[in-house]
K.L.:
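Attaching a single structure in structure tokens format; questions to follow.
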Amino acid sequence: MRPDTPAENVDHTAEAARLERTAGLYPEDAEALLLQAAAHRELAGDRPAATTLYDRLLSSSEGPRNLENPHLVRALKASNLWEYGHEAEARAIIDGIRATAPRDPAPWVIVAEALESHDELEAAQKTFTEGVTLLLADTTEPPHAAHPLLFGRHRVRRMLGAAHDDWDVLADTLHSSAVSLDELHDPKRVWSLGSDNPAELEAEISRLRAELGAYREELSRPFPVAVLHWPAAELSELVTAYPSLSAEYPSHEEHLTGIEASLRELSASGTGNLGIVTGTVPSYEAFAASEGTTPSDTDLLPQYATTLAARGRATGWPPERGSACWCGSGNGYEACHGAATA
């Protein structure tokens, strides 16, 4: 998630520099860290420096073939370029992204919103629709990550005065705020802000509060509360190298069962934004060294999990319906560790 804290409350330049230094220490996490650093550069108003970071990811040893989501990096670069006068290059990148048809919603949302913010409403609607059609045509339950595609498409079509279609109805169904999407996306709302009618102003304040509440809910925690998962080979290597940890991990099967039980307990207690991080022995040993302690210290395990989550390594729990189980078995979650809740 990209930071949005106002510049007066955060030194975005210093935070970007810190993240860039951290990326040098943890090259396996360079993509996530440098994307956060680029966002801080943008918020600091240093858009050329942000472009330099996007180019670093796309053209260096961290280049496209080694990136988890090169389309996302290109989309962010295009959006940033357009904001400081490089419209032609931004448009070319956007056209390239649309042509390659990424299977991740985020690049579609970013390039469509870039078009929207520059009053290219028809092009924005077309882009949102291309993404929705590609990613959601064969699903009855859109994943949460795809909701912004549907909401953005609804917003643009509302501004264009287009009649509701099936995708708009689905967006209305998925929207959970007390204020409907039709109200939130009403083009006439801007006029109500200049009204002298107290009732109109009060209604607009209620709508804005609903929007802000939903947005704050999304940003309520910068990274998930994560539980540490060791694949079988890594766990075997870990307890062989550090036998005292066998008390913490009697067997791999018990380890997996314990993860699911812990997550369900946290969920039942009202804790949201849960996730799983996967550890590796070399990474854990490096973390222990950085903390000046031994990997045998069991108090280090939750700290390691939190650090991995903060570095963007967490996978959300529970998995979306129909997704593979988090344990790596290859089976669907509902038929594996999620069987009791299916």
Side-chain angles (χ1 to χ4, degrees), residues 1 26 28-29 31-33 68-69 104 141 143-146 217-291 293-342:
M1 187 172 293
Y26 302 101
E28 70 276 16
D29 296 330
E31 181 176 353
L33 292 166
E68 290 183 13
N69 197 337
D104 175 40
E141 290 189 45
H144 184 76
E217 184 178 350
E218 289 291 324
L219 297 175
S220 61
R221 191 178 291 113
F223 53 85
V225 173
V227 176
L228 182 59
H229 165 232
W230 297 97
E234 294 291 338
L235 185 61
S236 176
E237 181 180 346
L238 180 73
V239 297
T240 299
Y242 308 101
S244 63
L245 291 180
S246 59
E248 184 76 16
Y249 302 115
S251 71
H252 189 248
E253 183 179 352
E254 289 184 51
H255 170 53
L256 299 182
T257 302
I259 290 173
E260 184 70 22
S262 296
L263 288 165
R264 292 186 187 185
E265 183 177 345
L266 286 167
S267 179
S269 70
T271 303
N273 195 18
L274 299 171
I276 296 172
V277 290
T278 299
T280 66
V281 174
S283 169
Y284 180 59
E285 290 175 333
F287 178 72
S290 71
E291 293 294 312
T293 187
T294 171
S296 299
D297 183 359
T298 56
D299 291 339
L300 195 65
L301 294 167
Q303 297 176 42
Y304 176 54
T306 300
T307 300
L308 291 178
R311 283 157 48 190
R313 309 306 294 180
T315 300
W317 180 94
E320 297 282 352
R321 181 168 291 277
S323 299
C325 188
W326 54 263
C327 70
S329 65
N331 298 320
Y333 175 67
E334 289 82 6
C336 194
H337 284 89
T341 58

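Computed over heavy atoms, backbone and side chain alike; hydrogens, waters and symmetry mates excluded. Because the structure is predicted, anything quoted here is derived from the model rather than measured.
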K.L.:
On a heavy-atom basis, which atom in Cys336 and which in Asn331 lie closest, and how many Å separate them?
P.N.:
CB-CB, 4.2 Å
K.L.:
Roughly how far, to the nearest 0.5 Å, is the CD atom of Glu291 from the CD atom of Gln303?
P.N.:
5.5 Å
K.L.:
If I take atom OH from residue Tyr284 and atom CD from residue Glu234, how far apart are they, to the nearest 0.5 angstrom?
P.N.:
13.0 Å
K.L.:
So how far is it from His255 NE2 to Glu248 CD, rounded to the nearest 0.5 Å?
P.N.:
9.5 Å
K.L.:
Is a side-chain donor or acceptor of Ser236 paired with a backbone partner of Ala233 at a separation under 3.5 angstrom?
P.N.:
no
K.L.:
Taking atom CD as the centre, does Glu141 end up with more than 12 heavy-atom neighbours from other residues, nucleotides or ligands that are less than 6.0 angstrom away?
P.N.:
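It does not: Glu141 CD has 12 such atoms or fewer within range.
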K.L.:
Taking Ser323 for its side chain and Pro319 for its backbone only, find out whether a donor-acceptor pair lies under 3.5 Å.
P.N.:
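No: the side chain of Ser323 does not pair with the backbone of Pro319.
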K.L.:
Is there side-chain contact between Phe287 and Thr307, with heavy atoms separated by less than 4.5 Å?
P.N.:
yes
K.L.:
Looking at Glu31 and Arg313, is any side-chain nitrogen of the basic one under 4.0 Å from a carboxylate oxygen of the acidic one?
P.N.:
no
K.L.:
First locate atom CG of Leu228, then atom OG1 of Thr278, and finally report the distance between them rounded to the nearest 0.5 Å.
P.N.:
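The CG atom of Leu228 sits 8.0 Å away from the OG1 atom of Thr278.
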K.L.:
What closest approach, in Å, do Ile259 and Ile276 show between heavy atoms, and which atom pair accounts for it?
P.N.:
CG2-CD1, 4.2 Å
K.L.:
Quick one: closest heavy-atom pair of Ala309 and Ala226, and the distance?
P.N.:
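In this case the closest contact between Ala309 and Ala226 is CB-CB, 3.9 Å.
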K.L.:
Assess whether side-chain contact (heavy atoms from CB on, under 4.5 Å) is satisfied between Asn273 and Val225, documenting all intermediate values.
P.N.:
CA-CA 6 Å; Asn273 195 18; Val225 173; over 6 Å; no
K.L.:
Just how far is it from atom CH2 of Trp317 to atom OG of Ser267, taken to the nearest 0.5 Å?
P.N.:
5.0 Å
K.L.:
Would you please test Val277 and Val227 for side-chain contact (heavy atoms from CB on, under 4.5 Å) and show each step?
P.N.:
CA-CA 6 Å; Val277 290; Val227 176; over 6 Å; no
K.L.:
Taking the side chain from Thr306 and the backbone from Pro302, do they hold a donor-acceptor pair closer than 3.5 Å?
P.N.:
yes
K.L.:
Within this structure, what is the CG-CG distance for the pair Leu235 and Leu245, rounded to the nearest 0.5 Å?
P.N.:
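Here the rounded value is 9.0 Å.
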K.L.:
Is it the case that Trp230 and Tyr249 place a side-chain donor and acceptor less than 3.5 Å from each other?
P.N.:
yes
K.L.:
Working note: Leu256 + His337, criterion side-chain contact (heavy atoms from CB on, under 4.5 Å); need CA distance, chi angles, decisive distance, verdict.
P.N.:
CA-CA 8 Å; Leu256 299 182; His337 284 89; 3.5 Å; yes
K.L.:
Could you give me the CA-CA distance, side-chain angles and deciding distance for Ser283 and Tyr26, then say whether side-chain contact (heavy atoms from CB on, under 4.5 Å) is met?
P.N.:
CA-CA 9 Å; Ser283 169; Tyr26 302 101; over 6 Å; no
K.L.:
Can you confirm whether Pro243 sits close enough to Val239 that some side-chain heavy atom of one is under 4.5 Å from a side-chain heavy atom of the other?
P.N.:
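No, side chains not in contact.
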K.L.:
Scan side-chain atoms only and decide if Glu237 and Tyr242 contain a donor-acceptor pair under the 3.5 Å cut-off.
P.N.:
no
K.L.:
Provide the closest heavy-atom pair for Leu300 versus Thr294 in the form atom of the first, atom of the second, distance.
P.N.:
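The answer is CD2-O, 4.0 Å.
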K.L.:
Can you find a heavy atom in the side chain of Glu320 that is under 4.5 Å from one in the side chain of Tyr333?
P.N.:
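Contact flag for Glu320/Tyr333 side chains = no.
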